[in-house]
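Let me begin by presenting the structure, written as structure tokens, before commenting on it.
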There are 4 protein chains.
Amino acid sequence: MGKKRGQKYEQIIDAAVKVIAKNGYHQSQVSKIAKEAGVADGTIYLYFKNKEDILISLFEEKMGQFVERIKEKMEAETSVEKKLLILIEMHFMQLEMDHDLAIVTQLELRQSNIDIRYKINEVLKGYLTLIDSVIEEGIEKGVFGSNLDLRVTRQLIFGAMDEVVTNWVMKECKYELITLAEPIHRLLLNGMTENT
Amino acid sequence: MGKKRGQKYEQIIDAAVKVIAKNGYHQSQVSKIAKEAGVADGTIYLYFKNKEDILISLFEEKMGQFVERIKEKMEAETSVEKKLLILIEMHFMQLEMDHDLAIVTQLELRQSNIDIRYKINEVLKGYLTLIDSVIEEGIEKGVFGSNLDLRVTRQLIFGAMDEVVTNWVMKECKYELITLAEPIHRLLLNGMTENT
Amino acid sequence: MGKKRGQKYEQIIDAAVKVIAKNGYHQSQVSKIAKEAGVADGTIYLYFKNKEDILISLFEEKMGQFVERIKEKMEAETSVEKKLLILIEMHFMQLEMDHDLAIVTQLELRQSNIDIRYKINEVLKGYLTLIDSVIEEGIEKGVFGSNLDLRVTRQLIFGAMDEVVTNWVMKECKYELITLAEPIHRLLLNGMTENT
Amino acid sequence: MGKKRGQKYEQIIDAAVKVIAKNGYHQSQVSKIAKEAGVADGTIYLYFKNKEDILISLFEEKMGQFVERIKEKMEAETSVEKKLLILIEMHFMQLEMDHDLAIVTQLELRQSNIDIRYKINEVLKGYLTLIDSVIEEGIEKGVFGSNLDLRVTRQLIFGAMDEVVTNWVMKECKYELITLAEPIHRLLLNGMTENT
DNA sequence: AATGAATGAGAGTTCATTCAT
DNA sequence: GATGAATGAACTCTCATTCAT
């Protein structure tokens with residue numbers, strides 16, 4: 001298979017997000033995705049190795065942009081506290097702006113089999129590294145406690161944000177997600193800050 | 001179907017945990033569970049409405065005990081800080097002591113369809129209420145900030161613990177989960193504490 | 001198995017008629033019949049060899065009475081024409097008086113497998129013989145044409161009555177079946193009568 | 001599903017007739033039909049909604065041709081008496097020429113559940129209408145009695161033919177069905193004719 | 001490159017019958 | 001005689017993937 005890309009590649013991924021968000025993971029057959037993308041079933045296999053590959057590519061594609069945007073915004077800030085706030089706000093805001101994507105990443109994609117979930121975790125590493133960088137910078141600058149466990153802290157931050165977003169999706173996105181960024185930020189920052 | 005219970009009922013649930021942990025959700029056919037439980041396929045249906053019902057009952061059963069044990073331990077404590085520590089330690093300890101159950105609850109059961117996941121969330125409510133009670137007690141006693149958002153704080157605590165456990169399971173339970181209870185407790189407590 | 005009979009034997013047969021008429025052949029499980037009869041599933045097998053045996057016995061039992069009643073009424077008559085009318089009227093009347101039985105014999109029992117249908121046909125022979133006797137008497141007495149083919153004529157009579165009843169049952173017994181006895185009688189009699 | 005038709009569509013229907021005639025209704029699994037038709041199991045579902053749909057389509061298809069052929073032959077005749085004879089002869093002849101089809105329509109298809117039987121009855125309406133047209137023409141022309149009840153007469157004719165054919169099939173088609181057309185015709189015609 | 005008809009493996013569930021009590 | 005818990009064989013339909021056109 002060629003190195004992907006092309007207009008149809010994007011079409012198919014966007015169709016997949018739409019179809020999965022609407023019909024749920026288990027009701028999103030390849031033929032449905034193909035129909036939504038306006039291509040034949042067989043064409044899918046010119047751009048993706050198999051169905052699994054669509055899902056992983058989808059996550060790579062969307063997550064790549066997701067992280068990139070957060071990175072950009074964060075670089076404009078110097079204070080670690082602000083950087084963390086940006087991270088949380090951007091995390092929430094991006095998912096709030098694309099309900100379909102939020103449904104897919106928080107609920108539907110998690111129904112995939114373990115293999116895919118391990119691969120998705122691989123993709124997530126880029127994001128976790130970004131979180132790590134904030135923590136490390138905070139420790140270096142003495143803003144956070146020097147005895148912070150990097151892994152545990154990273155899991156705290158990611159786990160909290162993820163849980164908040166998942167709850168929001170399961171409540172059918174009925175409230176404004178972004179308003180929860182500040183309280184979460186306060187709790188996390190408070191937790192990580194060295195307070196004598 | 002009678003109101004369940006009975007020796008076979010337990011047998012089947014335990015077999016389901018074992019089979020799912022070993023073979024994964026999608027490779028755990030009813031016939032496999034029946035074989036492991038030492039009963040005929042049809043017998044399953046004398047105790048459970050369908051396959052989905054096994055999974056939900058499994059979660060109810062195990063989660064009920066899980067929460068009950070934490071409750072008991074917590075009641076023996078008076079300090080809110082200690083109660084939170086007990087909660088986290090018991091959460092980690094119980095899953096560390098039953099790897100199969102941990103695999104099933106953290107990874108496999110989440111692959112089930114949305115309907116089951118909503119039902120599982122219903123069962124989880126009992127646990128979330130327990131978490132709420134700690135937060136509320138902390139606020140009342142002035143240990144935690146009075147401006148804590150109950151929902152967000154609950155999601156912070158649960159999300160963090162869940163993420164920590166899931167990571168541990170995905171790393172094949174290679175390290176000691178219980179050692180992470182203390183750092184998580186410190187971060188959370190720190191985050192929630194009123195510090196002038 | 002003993003030679004059947006006994007109160008429970010009747011109970012089970014009546015329960016079978018009721019259950020099959022209400023739920024249809026394919027939704028009439030042995031357990032349902034047992035419940036309606038007020039006995040345990042296993043008890044059924046003390047009175048009947050298997051499920052098939054219930055159906056055949058049911059047909060034997062009900063058909064025996066059915067034919068017997070017609071015979072009695074017919075013997076009170078001397079004219080062949082009247083005897084044929086009695087036959088048709090009694091056929092219709094008895095089924096009209098027991099809708100459940102009509103549903104079972106006309107629709108549901110015919111869904112059984114071929115083996116049962118052959119056995120049912122055996123039971124029917126007694127009735128067909130009765131029809132034959134009327135035809136033969138008519139020929140002897142010179143009322144019917146002497147060149148009547150016995151088999152064909154019997155099939156004509158039975159086929160016509162059966163079709164009329166089946167149509168009535170499929171139209172949910174909405175009209176009076178007995179009113180059709182006279183026109184059918186006239187047609188059949190007319191057809192069989194020697195007319196120079 | 002496209003609007004059916006196509007070579008495979010016919011193949012599958014013919015295979016179904018063959019398989020059902022040979023193995024009986026309840027022993028005619030989809031896989032058996034597929035094998036006989038020389039297609040994969042899944043292919044069946046490209047042409048039919050489900051197994052039930054095969055049976056109904058089979059009946060529609062065969063019955064459509066069946067009626068059409070009778071119609072054509074009848075139109076070549078002018079006398080009502082001859083038309084009725086044609087009807088009976090063609091009815092018998094067509095089934096005699098296709099034993100498999102006769103077995104399927106007279107015995108096997110009747111074992112299907114009530115839903116299918118009602119649908120089959122719908123298909124039969126076309127044939128019953130054809131019978132009606134003969135009766136009505138006979139009445140108009142004064143050949144038949146003017147006081148004939150259309151419904152009852154139709155049921156007489158159809159019931160008689162059906163019974164004759166069913167008996168022939170149950171006797172394993174051992175005698176010549178066509179020879180019974182004349183006596184049945186004579187009986188029916190005689191029955192319907194106005195005779196002062 | 002694009003198509004879409006064809007493939008065929010795979011599993012949850014029912015229910016007639018048995019037999020230990 | 002009566003019970004009813006336990007058995008286990010049996011079958012339709014879906015859908016990811018292929019490949020001839």
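All heavy atoms count here, side chains included; hydrogens, waters and symmetry mates do not. Order of the sequence lines fixes the chain letters, A, B, ..., with proteins taken first and strands second; residue numbering starts at 1 for each chain. What you are looking at is a predicted structure, and each value in this text was computed from that prediction instead of being measured.
Where Thr43(D) and Gly42(A) meet DNA chain E, the nucleotide closest to each residue was compared, and Gly42(A) sits on the side nearer the 5' end. If you find the closest nucleotide of DNA chain F to Ser28(A) and to Asn50(D), the one lying nearer the 5' end belongs to Asn50(D). Place Ala40(C) and Gln29(D) on DNA chain F by their nearest nucleotides, and Ala40(C) ends up nearer the 5' end. Take the nearest nucleotide of DNA chain E for Val39(A) and for Asp41(C): the residue whose nucleotide is more 5' is Val39(A).
For the atom pair CG (Asp115(D)) and CD1 (Ile120(D)), the distance works out to 11.0 Å, reported to the nearest 0.5 Å. Asn113(C) contributes atom CG, which lies 4.5 Å from atom CD1 of Ile116(C) (distance to the nearest 0.5 angstrom). In this structure, Ile20(A) CD1 and Ile103(A) CD1 are separated by 11.5 Å, a value rounded to the nearest 0.5 Å.
Using Watson-Crick or G-U wobble geometry with both donor-acceptor distances under 3.5 Å, dT17(E) finds its partner in dA6(F).
The 12-atom threshold is not exceeded at NZ of Lys18(A), counting heavy atoms of other residues, nucleotides or ligands nearer than 6.0 Å. More than 12 non-hydrogen atoms from other residues, nucleotides or ligands lie less than 6.0 angstrom from NZ of Lys32(D).
Taking every nucleotide of DNA chain F with any atom under 4.0 Å from a non-hydrogen atom of chain C, the first and last of them, 5' to 3', are dG1(F) to dG4(F).
Contacts of Glu52(B) with the nucleic acid, taken as non-hydrogen atoms under 4.0 Å apart, are absent. Looking at heavy-atom distances under 4.0 Å, Val30(B) makes contact with a base. Residue Lys8(C) is in sugar-phosphate contact alone, with no base atom involved, counting any heavy-atom pair closer than 4.0 Å across all strands shown.
In this structure, Ile13(B) and Phe48(B) have side chains that are in contact, with non-hydrogen atoms separated by less than 4.5 Å.
An OP1 or OP2 oxygen of dG8(E) is reached within less than 4.0 angstrom by no side-chain nitrogen or oxygen of Tyr45(D).
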